[in-house]
Q: 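Structure below; questions to follow.
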Amino acid sequence: MLASIRQLINIRFVTSSILGLLWFLTPVAIADFKQSDRKPASDYTRSGGSRGCPSLGNEIPLTLLAPKTYIGYTASTHPTFAGYLSSSQEIEFQIFEFVSNKNVRSLNDPIKQQTAPGIFQVSYPESYPKLTPGKKYVWQIAISCPGGDLVERSEFIVVQMPSTLKNKLSTTTNSLQKANTYAAAGFWYEALAEALKSAKPEKLGQVGSNLVQEFAKYESPRLKDSEELVKKRIQHLQTIANQQR
């Protein structure tokens, strides 16, 4: 009788352990990234690119993990941004504010940062003046090359966070759940920043990988002559998402 009870306890313990392990290994579900109001980015963003940098061969070039053909949203007045590099580089980070449709002004001197191969993050320092809700900005990453610079840019708007979103976030402490919540509300920069908190250094993690694949679906060329460039960018994003989990 005693042996039967012990056997039953052992079976239940093993079963519960297996179920717990399966729950732990199950990929975290991610809400689809949704940004219903996708305004096209300006020609200023399109003007970035490689000028004089040596060929990278089969390597993926500097890739910003943010919308380029449309304008992203953030509720942060000191946002965090992310990108990808195939090799270790010193990058220069700047933010510009649009003063007209075609003109911008710099908000900071270039901030230099050494990066390792893989995913990198840069932040607009808390010591700098707050960005203004309702205004459009562009963040830029530049790499110095012998014959010029490699420059990539992405536009974003700072918006007020809806009270409904604030209420949801106030009851959530888990970074992955927060990433889901931000993604469903269309706040790209917050969603990715939260996902990366749970990822290994220079990696995206499963949730970050899902997010990158999601936002890449919305990238589309504004002009026919940029169609091939956008296709290549989407391919790069998909490769990064798969390789940097």
Q: Look up atom CE in M161 and atom OG1 in T74, then write down how far apart they are to the nearest 0.5 Å.
A: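 Between M161 CE and T74 OG1, I get 8.0 Å after rounding to 0.5 Å.
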Q: What closest approach, in Å, do A142 and V151 show between heavy atoms, and which atom pair accounts for it?
A: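 Smallest interatomic distance, heavy atoms only, reads CB-CG2, 4.2 Å.
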Q: Please walk me through it: do R245 and L204 pass side chain to side chain contact (heavy atoms under 4.5 Å, CB included)?
A: CA-CA 5 Å; R245 288 183 180 175; L204 284 169; 5.9 Å; no
Q: Distance-only, no hydrogens or angles: does the N108 side chain make a donor-acceptor pair with backbone N or O of I95 under 3.5 Å?
A: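 Side chain of N108 to backbone of I95, a donor-acceptor pair under 3.5 Å: yes, one is there.
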Q: For S144 and E90, what are the C-alpha separation, side-chain angles and deciding distance, and is it a side chain to side chain donor-acceptor pair (under 3.5 Å)?
A: CA-CA 8 Å; S144 296; E90 182 179 71; over 6 Å; no
Q: Are the side chains of R105 and F96 in touch, meaning some heavy atoms are under 4.5 Å apart?
A: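 No, their side chains stay 4.5 Å or more apart.
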Q: Would you say the side-chain atoms of T172 pair up with the backbone N or O of Q177, donor to acceptor, closer than 3.5 Å?
A: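 Side chain of T172 to backbone of Q177: no pair is present.
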Q: Quick check against the 3.5 Å criterion: does E202 have a side-chain atom that pairs as donor or acceptor with the backbone of A116?
A: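 Side chain of E202 to backbone of A116: no pair is present.
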Q: Start with the C-alpha gap between V104 and V99, add the side-chain angles, then the distance that decides, and say whether side chain to side chain contact (heavy atoms under 4.5 Å, CB included) holds.
A: CA-CA 5 Å; V104 299; V99 293; 5.8 Å; no
Q: Can you check side chain to side chain donor-acceptor pair (under 3.5 Å) on Q113 and T115, steps first, answer last?
A: CA-CA 6 Å; Q113 178 176 313; T115 66; over 6 Å; no
Q: Would a 4.5 Å heavy-atom cut-off, applied to side chains only, mark S76 and E190 as touching?
A: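 Side chain of S76 against side chain of E190, heavy atoms only: contact under 4.5 Å found.
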Q: Given S106 and Q94, is the side chain to side chain donor-acceptor pair (under 3.5 Å) satisfied, shown in steps?
A: CA-CA 7 Å; S106 176; Q94 276 184 285; 3.1 Å; yes
Q: Report yes if the side chains of Q140 and F93 come closer than 4.5 Å at any heavy-atom pair, otherwise no.
A: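 The answer is no; the side chains never approach within 4.5 Å.
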Q: Would you call L64 and S154 a side-chain contact if the rule is heavy atoms closer than 4.5 Å?
A: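 They are in side-chain contact.
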Q: So L192 and F81, side chain to side chain contact (heavy atoms under 4.5 Å, CB included) or not? Walk me through it.
A: CA-CA 8 Å; L192 184 58; F81 310 93; over 6 Å; no
Q: Give a yes or no on whether the backbone of Y128 and the side-chain of H78 come within a donor-acceptor separation of less than 3.5 Å.
A: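 Yes; at least one donor-acceptor contact below 3.5 Å.
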Q: Answer yes if the side chains of N210 and Q206 hold a donor-acceptor pair under 3.5 Å, and no otherwise.
A: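 Looking only at side-chain atoms, Q206 and N210 do form a donor-acceptor pair, the distance falling under 3.5 Å.
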Q: State, to 0.1 Å, how close P117 and S86 come at their nearest heavy-atom pair, and which atoms those are.
A: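 P117 and S86 have their closest heavy atoms at CB-O, 3.6 Å.
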Q: If you count the non-hydrogen atoms of other residues, nucleotides and ligands that lie under 6.0 Å from CG in D109, is the total more than 12?
A: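 No, because the 6.0 Å sphere around CG of D109 holds 12 heavy atoms or fewer from other groups.
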Q: How many angstroms lie between atom NZ of K166 and atom OG1 of T171, to the nearest 0.5 angstrom?
A: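 Separation between the atoms: 14.5 Å.
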Q: Take a 6.0 Å sphere around CD of Q160 and say whether it holds more than 12 heavy atoms from other residues, nucleotides or ligands.
A: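 Open: at most 12 neighbouring heavy atoms sit under 6.0 Å from CD of Q160.
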Q: Between the side chain of Y124 and the main-chain N/O of K130, is any donor-acceptor distance below 3.5 Å?
A: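 Not confirmed, Y124 side chain does not pair with K130 backbone.
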Q: So how far is it from W139 CH2 to S123 OG, rounded to the nearest 0.5 Å?
A: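 It comes to 10.5 Å.
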Q: Between L237 and V212, which heavy-atom pair has the shortest distance, and what is it?
A: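 Shortest heavy-atom separation between L237 and V212 comes out as O-CG1, 3.7 Å.
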Q: Quick one: closest heavy-atom pair of A66 and W188, and the distance?
A: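 The answer is CA-NE1, 3.5 Å.
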Q: Using a strict cut-off of less than 4.0 Å between a Lys/Arg side-chain nitrogen and an Asp/Glu carboxylate oxygen, indicate whether E152 and K68 qualify as a salt bridge.
A: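 Salt bridge between E152 and K68, a charged N being under 4.0 Å from a carboxylate O: yes.
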Q: Is there side-chain contact between I91 and L62, with at least one heavy-atom pair below 4.5 Å?
A: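 Sidechains of L62 and I91: no contact.
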Q: Atom NZ in K217, atom CD1 in I234: separation rounded to 0.5 Å?
A: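 Separation between the atoms: 11.5 Å.
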Q: Without swapping roles, check the side chain of S100 against the backbone of N103 for a donor-acceptor pair under 3.5 Å.
A: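 Side chain of S100 to backbone of N103: a pair is present.
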Q: Measure the spacing between OH of Y137 and CD of E97 and express it to the nearest 0.5 Å.
A: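 Between Y137 OH and E97 CD, I get 4.5 Å after rounding to 0.5 Å.
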Q: Are L196 and K203 packed together at the side-chain level, in the sense that at least one heavy-atom pair is separated by less than 4.5 angstrom?
A: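 Not touching, per the 4.5 Å side-chain cut-off.
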Q: Less than 4.5 Å apart, any side-chain heavy atom of E155 and any of Y70?
A: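 Heavy-atom side-chain distance check fails, nothing below 4.5 Å.
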Q: Check the pair E228, V230 against side chain to side chain contact (heavy atoms under 4.5 Å, CB included), reporting the backbone distance first and the verdict last.
A: CA-CA 5 Å; E228 192 61 33; V230 174; over 6 Å; no
Q: Within the 4.5 Å heavy-atom criterion, are I60 and Y84 side-chain neighbours or not?
A: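 A side-chain contact exists here, since the closest heavy-atom pair is under 4.5 Å.
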Q: Verify side chain to side chain donor-acceptor pair (under 3.5 Å) between E219 and T69, making sure each step is shown before the conclusion.
A: CA-CA 6 Å; E219 292 278 47; T69 62; 2.6 Å; yes
Q: What's the spacing between L85 CG and L150 CG if we round to 0.5 Å?
A: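 Taking CG in L85 and CG in L150, the distance rounds to 8.5 Å.
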Q: If I compare all heavy atoms of P67 with all of F215, which pair ends up nearest, and what's the gap?
A: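 Heavy-atom minimum between the residues: N-CE1, 3.6 Å.
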Q: Minimum heavy-atom separation for F156 and P79, please, with both atom names.
A: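 Looking at all heavy atoms of both residues, the closest pair is CE1-CG, 4.2 Å.
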Q: In plain terms, say whether E227 and K231 are close enough for a salt bridge, that is, a side-chain N and a carboxylate O under 4.0 Å apart.
A: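 Judged by the 4.0 Å cut-off on N to carboxylate O distance, E227 and K231 do form a salt bridge.
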Q: Looking at A241, is its backbone amide N or carbonyl O close enough to the side chain of S209 to form a donor-acceptor pair, meaning the two atoms are under 3.5 Å apart?
A: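 Yes; judged by distance alone, with no hydrogens or angles, the pair exists.
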